[in-house]
Number of protein chains: 2
Amino acid sequence: MGTPQALGGLPLAPVAPRPELAPPSPRVGEIITAAREVLEQEGAAALTMRRLGELLGIRAPSLYKHLAGKTQLEAMLVDAALVETGDLLHGVVDRADAAGVLGDLLAAYRAHARAQPNLYRLVTAGPLRRDQLTAGVEDWAGEPFYRATGEPYLAQALWAAAHGTVILELDGRYPPGSDLDRTWAALTAAFRRPVDDDRSG
Amino acid sequence: MGTPQALGGLPLAPVAPRPELAPPSPRVGEIITAAREVLEQEGAAALTMRRLGELLGIRAPSLYKHLAGKTQLEAMLVDAALVETGDLLHGVVDRADAAGVLGDLLAAYRAHARAQPNLYRLVTAGPLRRDQLTAGVEDWAGEPFYRATGEPYLAQALWAAAHGTVILELDGRYPPGSDLDRTWAALTAAFRRPVDDDRSG
DNA sequence: AGGTTCAGCTAACAACGTTAGCCTGGAGAT
DNA sequence: ATCTCCAGGCTAACGTTGTTAGCTGAACCT
């Protein structure tokens, strides 16, 4: 662990400001909560305006008194999820040292996605409607990867690799019987800094 | 060329058999072709039974004389796409040498996905209905990553990382202005074998 | 000729997001 | 104390989606 750059540089200090989400009205808050429960416990297909109304004791069209539409509702879910993810990962990096930050970050990312797979899919699948998001949430959620690597494009590659590895896990796309702990270990090893020290463990 | 197993053993020889797809009936073949055109040129949202019928000069319900449903049609698209991807990537690995196989494979993977983004999404998004696929197509498409790495879990990690990197690119999820060539270069560098030879390039 | 099968058709259903328009209870203003 | 207004519910309905049921005509085989 005598890597020179590491003792001085990694993990880097956070620089992106934690974004402040506009607090939703009470009723909208309830809707978001209900939406999140339906999404996580009944699946993405069950996240329907009618089902949502049912859970809230109102009819589907009444939801439009509070929301512009389903797209906006999803955007609010993504917004909140990104901030939470950022909080979690920043915390992990805060607590890590240079030797372990990469493994800790990837482990936390994986665990977080597996804990709420449907929300993770919602956040990461398809194009991102940036105009519907609170400014800065994307940077906030992604910065831990930069703090862990110290180089923006390595950070992007690491984030992308982590995403690919976890989304395939959530979707059950690996060959049956795969030991995914080993897959993650291989990924972590690949991104460990190829400095002169040959790591052990 | 003539690197059977000598210079470190990569690339490995192929071992998975190229799967033989059951040839569809002529009409089903037309449907698949039309579906692929609609998907790629009009987007996933346009791939509808009615639009498909329109293109074929029949009504949507008539499609059910040939297909079990939209799910099966998608499965057939995935089936064919996986074989094509396997063919392409195997060919790349065939032509590569140990020094360049990793970069060549990743570059080919990226180019292939970008050439047919909607098909790529269809193939890789969501759970895979293995029971609807021809046996062996998955192995065939994935084996090039094993041939390039020589280790199954490193191969999985590489494949997952490549997928993550490209799907985020297709969905425009990177920060605006990113130079994705550099992201891919960082990914490639991370997975380059940390053997004693420090290659340059 | 007669029966069977193939491959089209229309009509219709359930579920989806969403819009239009009505009604009502209660808060705030006079 | 009464009036006004409107937030927030409601029903009805529209246009999509995938899909099923049932009819029909043509081709084909005996």
Side-chain angles (χ1 to χ4, degrees), chain A residues 22-79 118-119 121-123 125-129 131-132, chain B residues 22-79 118-119 121-123 125-129 131-132:
Chain A
S25 81
R27 195 58 166 151
V28 171
E30 295 180 49
I31 296 176
I32 294 178
T33 301
R36 195 152 161 171
E37 280 175 19
V38 170
L39 175 64
E40 215 44 81
Q41 287 161 22
E42 306 176 27
L47 183 53
T48 190
M49 300 303 266
R50 286 170 175 84
R51 173 83 187 105
L52 215 46
E54 192 180 343
L55 230 71
L56 292 161
I58 63 179
R59 304 291 182 156
S62 303
L63 291 168
Y64 289 80
K65 299 291 180 174
H66 307 277
L67 304 168
K70 198 187 180 186
T71 304
Q72 195 198 42
L73 173 59
E74 292 172 342
M76 293 188 297
L77 288 174
V78 170
D79 226 26
N118 290 315
L119 184 60
R121 277 196 204 89
L122 180 67
V123 171
L128 189 64
R129 301 302 308 259
D131 53 339
Q132 309 233 30
Chain B
S25 81
R27 195 56 165 153
V28 171
E30 294 180 51
I31 296 175
I32 294 178
T33 301
R36 195 153 163 170
E37 279 176 18
V38 170
L39 174 64
E40 214 44 81
Q41 287 161 23
E42 306 176 26
L47 182 54
T48 188
M49 300 302 268
R50 284 170 178 84
R51 174 82 187 106
L52 216 46
E54 192 180 345
L55 231 72
L56 292 161
I58 63 178
R59 304 292 182 155
S62 302
L63 291 169
Y64 289 80
K65 299 292 179 175
H66 306 277
L67 305 167
K70 199 188 180 186
T71 304
Q72 194 198 43
L73 173 60
E74 291 172 341
M76 293 188 297
L77 287 174
V78 170
D79 225 27
N118 290 315
L119 184 59
R121 277 197 203 89
L122 180 67
V123 171
L128 188 63
R129 300 301 306 262
D131 52 340
Q132 309 233 29

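All heavy atoms count here, side chains included; hydrogens, waters and symmetry mates do not. Chain letters run A, B, ... following the sequence lines, proteins first and then strands; every chain starts at 1.
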Point to revise | Nucleotide C:dC9, atom C1' - distance to CG of B:Leu63 in whole Å | key: 13 Å

Review point. Does A:His66 place a side-chain N or O at less than 4.0 Å from the phosphate oxygens OP1/OP2 of D:dA7?
Key: no

Exercise for review: Quick one: list whatever passes salt bridge (charged side-chain N to carboxylate O under 4.0 Å, His left out) with B:Arg129, sequence neighbours left out.
Suggested key: B:Asp131

Exercise for review: Please state how far atom CZ in B:Arg27 lies from atom P in C:dG8, giving the value in whole angstrom units.
Suggested key: 5 Å

Check your understanding: CD1 of B:Ile32 to NE2 of B:His66: how many Å apart, nearest 0.5 Å?
Key -> 12.0 Å

**Study point:** Gap between atoms NZ and P, on B:Lys70 and D:dT16 respectively (whole Å)
**Key:** 15 Å

Review point. Counting just side-chain N and O atoms, does A:Ser62 come under 4.0 Å of either OP1 or OP2 of D:dC10?
Key: yes

Practice item. Show your working on side chain to side chain contact (heavy atoms under 4.5 Å, CB included) between A:Arg50 and A:Glu54 and close with a plain yes or no. Key: CA-CA 6 Å; A:Arg50 286 170 175 84; A:Glu54 192 180 343; over 6 Å; no

Check your understanding: Rounded to the Å, how far apart are B:Glu54 CD and D:dT17 C1'?
Key -> 15 Å

Check your understanding: Just by modelled atom types, is the B:Leu119 backbone N or O under 3.5 Å from a matching donor or acceptor in the B:Glu40 side chain?
Key -> yes

**Study point:** Nucleic acid contacts of residues 29-52 of chain B, taken as heavy-atom distances under 4.0 Å to DNA chain C
**Key:** B:Arg50

Practice item. For A:Leu47 and A:Lys70, work out which heavy atoms get closest and say how close. Key: O-NZ, 2.9 Å

Practice item. Would you give the length of the straight line joining atom CZ of A:Arg27 to atom NZ of A:Lys65, rounded to the nearest 0.5 angstrom? Key: 13.5 Å

Check your understanding: To the nearest Å, how far apart are A:Arg59 CZ and C:dT18 P?
Key -> 19 Å

Between protein and nucleotides 19-22 of chain C, what N or O pairs are separated by less than 3.5 Å?
none

Check your understanding: So do A:Leu52 and A:Leu73 actually touch side chain to side chain, heavy atoms under 4.5 Å?
Key -> yes

Study note, to complete from the structure: Residues A:Ala35 and A:Leu77: closest non-hydrogen pair is CB-CD1, 4.1 Å

Review point. When the distance from CG of A:Leu56 to C1' of D:dC10 is rounded to whole Å, what number comes out?
Key: 16 Å

**Study point:** Donor-acceptor contact below 3.5 Å, side chain A:Ser25 vs main chain A:Val28
**Key:** yes

**Study point:** Distance, rounded to the nearest Å, where B:Gln72 contributes CD and D:dT19 contributes P
**Key:** 11 Å

